[in-house]
Amino acid sequence: MSKEIVKPTTLPGFLELLPEDQILFNKIKDTIRQTYEKHGFIPIDTPLIEKSEVLLAKGGGETEKQIYRFTKGDTDMSLRFDLTVPLARFVAQHFQELTFPYRRYHIGKVYRGERSQRGRFREFYQCDVDIIGNGKLSVIYDAEILSIIYHTFINLGFEDFTIRINNRKILNGFFDSLNITNTADVLRSIDKLQKIGAKGVSSELIHIGLSTKVIDKILNFIKIQGSGEEKLQALISLNIENQTFKEGIEEISTVIGYVKSFGVPEKNYIIDLTIARGLDYYTGTVYETFLDEYPEIGSVCSGGRYDNLAEYYTTQKLPGVGVSIGLTRLFYQLKEAGLLGKNTPSTLTKVLVIPMDESFNEYSIKIANSLRENDIISEVYFGNVKIGKKLNYANKLNIPYTILIGEEEIKNWKVSLKDMTTGSQEIVTLDNAIKTLK
RNA sequence: GUGGGUAUAGCUCAGUUGGUUAGAGCGCCAGAUUGUGGCUCUGGAGGCCGUGGGUUCAAAUCCCACUAUCCACCCCA
């Protein structure tokens, strides 16, 4: 062994998959894409690298710490850390060329230089859908986004999941009425209710410096229980004279009112006053989606409504609403939870064509060509190796069928079609083989 | 950014109070009469025990440093 061999490793926080998993991953990605497209969303694909001044226009906070930033020559550039900021830039830049409301989806990798830990990656896929309005955007779209989350997870094969929704205006109005100024800190604490419990939230709020009176009110607020209707009634009966608060209630009522028309069953969504979302740019509806049987996985899809998407890039007012699925984490967690299919194939190939001898290669290639013309995924195993080894290749990759080509088959213009699961084999015409394989 | 683990074969891991040629399972390769895989059997390859230093007659094992990696917190998808 040469000492010059470089140890083949990937950087921490960068996930790569073996064939079996990659096939599953792509299936999930395709399902998400198809669902988004079915709802009329238009694809975009922005550059992975953008000017740092663009990505960091907002400035401050965690982003600057976590962004991958570098220079090439005189250009200061960075890897995108989400798909929303590039969207904002895109919409502002192409404002004149786009038609509003602009519905786009974007599935792509983003980068964050975080300390890696379980289910947290430095490179990961986000699957975003957003609807951007010009000046105004009906709140009914907030209900549609909820419906898209629902249909996406249904199409992915889930049934027991809950989309939790809330409205930032309710929270902001409520905090306003209590004269709370550091709302971001309070939101973050409340958002952790599920994780740390009421006591945990309480002690965090004390730490933040709120009076016990205010804390009691907050705790009572987040404890409001019941059906959607009951929660709304409870909120109204708080009699809070605050314009923002009232708007929030009105908006969430509208959303709940329309959700039914979109065909979302009541068991799949709920008003949850503790959902806040860490991001501070949300201004209205917010969403978090949880798998009922696996709460430990955390939110698998989240997002919300924002008033002004592109304020750093244009003076146009562009409100929008959207959500994002963290696909890499979702996939990783599903795999951890054992929710991904077992014994899945390691290839997409449906049939392996095996020439018994190298002199039958050309005939085999023709067979494979015909199979492909009939949309049957097929490949030929070339090389002067034993039949056993070729069959074993099919076996290891879980290829369901093989077609064996030898003297006998060629003489009669037929093929030997072998079912690899049962082991049965028969000599048939190519047409009949195609019928079986379809 | 803060705190805590771990590091032995391609993978998952054993390895006794420090003791001589470092093990298993899976995987890989080869064979069991050369037009037939899976199952079984037999054989084989593959390890500077993360790197460097220290203690000791003796270190995979104990100590220190470094590096890598994982987990939790922060934050977030």
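Note on naming: letters A, B, ... go to the chains in the order of the sequence lines (proteins, then strands), and numbering restarts at 1 for each one. Note: hydrogens, waters and symmetry copies are ignored here, and every other heavy atom, side chains too, is used.
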Donor-acceptor pair present, A:Q333 side chain and B:A77 base, under 3.5 Å: no

Only Watson-Crick and G-U wobble pairs, only distances under 3.5 Å, only runs of 3 or more: what stems does that leave for RNA chain B? B:1-7 with B:67-73, B:10-13 with B:23-26, B:28-32 with B:40-44, B:50-54 with B:62-66

Salt bridge A:E247-A:K169, side-chain N to carboxylate O under 4.0 Å: yes

If the threshold is 4.0 Å, N to carboxylate O, is there a salt bridge linking A:K438 and A:D375? no

Can you list, pair by pair, the side-chain donor-acceptor contacts under 3.5 Å of residues 23-32 of chain A, counting residues two or more places apart and other chains?
| unit_1 | atom_1 | unit_2 | atom_2 | d |
| --- | --- | --- | --- | --- |
| A:N26 | OD1 | A:Q22 | NE2 | 3.0 |
| A:T31 | OG1 | A:K27 | O | 2.9 |

Contact string for nucleotides 36-41 of chain B, one letter per nucleotide 5' to 3', B = base within protein heavy-atom range under 4.0 Å, S = sugar-phosphate only, - = neither, reads BBB---

At under 4.0 Å between heavy atoms, what does A:K65 touch on the DNA or RNA strands: base, sugar-phosphate, or nothing? nothing

A:K51/A:D76 salt bridge by N-O under 4.0 Å criterion: no

Taking only Lys NZ, Arg NE, NH1 and NH2, and the carboxylate oxygens of Asp or Glu, determine whether A:R89 and A:E50 approach each other closer than 4.0 Å. yes

For A:T349, which residues count as a side chain to side chain contact (heavy atoms under 4.5 Å, CB included) partner, sequence neighbours excluded? A:T347, A:I377, A:E379, A:I399

To the nearest angstrom, how far is A:L18 atom CG from B:C26 atom P? 20 Å

So A:K109, base contact, sugar-phosphate only, or nothing? Heavy-atom distance under 4.0 Å. nothing

What pairs of donor and acceptor atoms, side-chain ones from residues 365-372 of chain A against any protein atom, are under 3.5 angstrom apart with sequence neighbours left out?
| unit_1 | atom_1 | unit_2 | atom_2 | d |
| --- | --- | --- | --- | --- |
| A:N369 | OD1 | A:R372 | NH1 | 3.4 |
| A:S370 | OG | A:K366 | O | 3.1 |
| A:R372 | NE | A:S378 | O | 3.2 |
| A:R372 | NH2 | A:S378 | O | 3.0 |

Output a table of nitrogen or oxygen pairs between the protein and nucleotides 67-71 of chain B separated by less than 3.5 Å.
| unit_1 | atom_1 | unit_2 | atom_2 | d |
| --- | --- | --- | --- | --- |
| B:C70 | OP2 | A:S116 | OG | 3.4 |
| B:C71 | OP1 | A:R118 | N | 2.8 |
| B:C71 | OP2 | A:R118 | N | 2.9 |
| B:C71 | O5' | A:R118 | N | 3.4 |

